[in-house]
Amino acid sequence: MRPHDYAPRPAHIQWLLDSDPAIRWQVMRDLADEAPKAIAAERSRVATEGWGAQLLARQSPTGDWPGGQWDLVTLWSLVVLKDLGLDPASREARRMIDRVDKRLVFKPLNNRPFLHGETEPCINGRILGIGSYFMEPNDALANQLLGEQLDDGGWNCEAPKSRRSSFHTTICVLEGLLEYERAGRKSAAVTRARKRAEDYLLERGMFRSLRTGEVIDKRWLRFSYPTHWHYDVLRGLDYLRDAGIKPDSRVDEAIEIVMKRRHQNGRWPLNLLHPEKIPLEMETAVGRASRWNSLRTLRVLRWYDNSMR
């Protein structure tokens, strides 16, 4: 079957719309082609209703979020707020990011401000994306990441000891560089780095070893949200869609995997949950229909199908 055969029916769209504002506004934009004014109105509700409002309310006055290692829980919470589509210009977002900017530091790194990043590219890619989305692009952090790109085109938190890139680290940096460009920092160097890293994923079919052709990790064929630092095929494909990359034959097998994950009711399930936690529960029933996964797979299939016409 072609991706077109997986186009959402009205009942599927309605099921997605009967949800949180964070899901609704993205469905309106990515699947229903509604008017920009209506989309913006729905998006504005993320700050005051549902998951977005709940996660904002759990930020401490000192700027972090509770529930574990402060810097990682804070980072994952910020990433989710970005993914929810919290309007960075909203009063709630400005108050939230102001706390982060003025009150959070990495003490072991001579009190380096949180939004200036730390030492690992997987973390710094995420921080670059968060800072670019909510605050302002950090040129020094972006340049640091560009200097850490490996010869094969990707990144690895274990470099320089490891000279082979990691899918996990690479997708985190790619997402950060894309947000950095969108914040007005488009340059030949960043575009070149992203192209090399995108080719790193594509040359491996999004999930296979370049050397052996074997599946690198079968968990990458199962989809979850939040992804935290973990790579999977759906996350990789959704990045390519978001970046406006024209799909070619190198994603065909990954698209087949996405289609095969659909249940007979036309919805995609939550395949797994990662052990990392944030102080917010969204979808937790593994094996049950997931609006996050259904939204993302449907827009990926639409992107792919549109390119075939």
Engineer: I'd like to know if Asp87 and Arg43 make a salt bridge, using a cut-off of under 4.0 Å between side-chain N and carboxylate O.
Structural biologist: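 Salt bridge absent between Asp87 and Arg43.
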Engineer: Name each donor-acceptor pair under 3.5 Å that joins a side chain in residues 7-17 to protein atoms two or more places apart or in another chain, with its distance.
Structural biologist:
| residue | atom | partner | partner atom | Å |
| --- | --- | --- | --- | --- |
| His12 | ND1 | Arg9 | N | 3.1 |
| His12 | NE2 | Asn265 | O | 3.3 |
| Gln14 | NE2 | Asp18 | OD1 | 2.9 |

Engineer: Could you tell me whether the side chain of Pro108 reaches within less than 4.5 Å of the side chain of Glu118, counting heavy atoms only?
Structural biologist: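 No; the side chains remain at least 4.5 Å from each other.
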Engineer: Taking only Lys NZ, Arg NE, NH1 and NH2, and the carboxylate oxygens of Asp or Glu, determine whether Asp238 and Arg241 approach each other closer than 4.0 Å.
Structural biologist: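 Salt bridge flag = yes for Arg241 with Asp238.
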Engineer: Give me each pair satisfying ring-ring contact (aromatic ring centres under 6.0 Å, His included) with a member in residues 176-213, each pair once, sequence neighbours excluded.
Structural biologist: Phe167-Tyr200
Engineer: Answer yes when Asp242 and Arg182 have at least one side-chain N-carboxylate O distance shorter than 4.0 Å, and no when they do not.
Structural biologist: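 Salt bridge flag = yes for Arg182 with Asp242.
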Engineer: Between Arg302 and Asp33, is there a side-chain N and carboxylate O pair less than 4.0 Å apart?
Structural biologist: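 Here Arg302 pairs with Asp33 in a salt bridge, since their nearest N and O are under 4.0 Å apart.
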Engineer: Salt-bridged, Lys195 to Asp199, with N to O below 4.0 Å?
Structural biologist: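 Answer for the salt bridge query: yes.
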Engineer: Would a 4.5 Å heavy-atom cut-off, applied to side chains only, mark Arg208 and Glu253 as touching?
Structural biologist: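 The answer is yes; the side chains approach within 4.5 Å.
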Engineer: For Glu181 and Thr191, does a side-chain donor sit closer than 3.5 Å to a side-chain acceptor?
Structural biologist: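 Judged by distance alone, the side chains do pair up.
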Engineer: Could you check whether Arg45 pairs with Glu42 (Lys NZ or Arg NE/NH1/NH2 to Asp/Glu carboxylate O, under 4.0 Å)?
Structural biologist: yes
Engineer: Should the pair Phe106 and Phe114 be assigned to parallel (<30°), tilted (30 to 60°) or perpendicular (>60°) ring geometry?
Structural biologist: parallel
Engineer: Within the 3.5 Å criterion, strictly below it, is a donor on Asp64 or Ser60 matched to an acceptor on the partner's side chain?
Structural biologist: yes
Engineer: Taking the side chain as every heavy atom from C-beta outward, state whether Pro279 and Leu55 have any pair of such atoms under 4.5 Å apart.
Structural biologist: yes
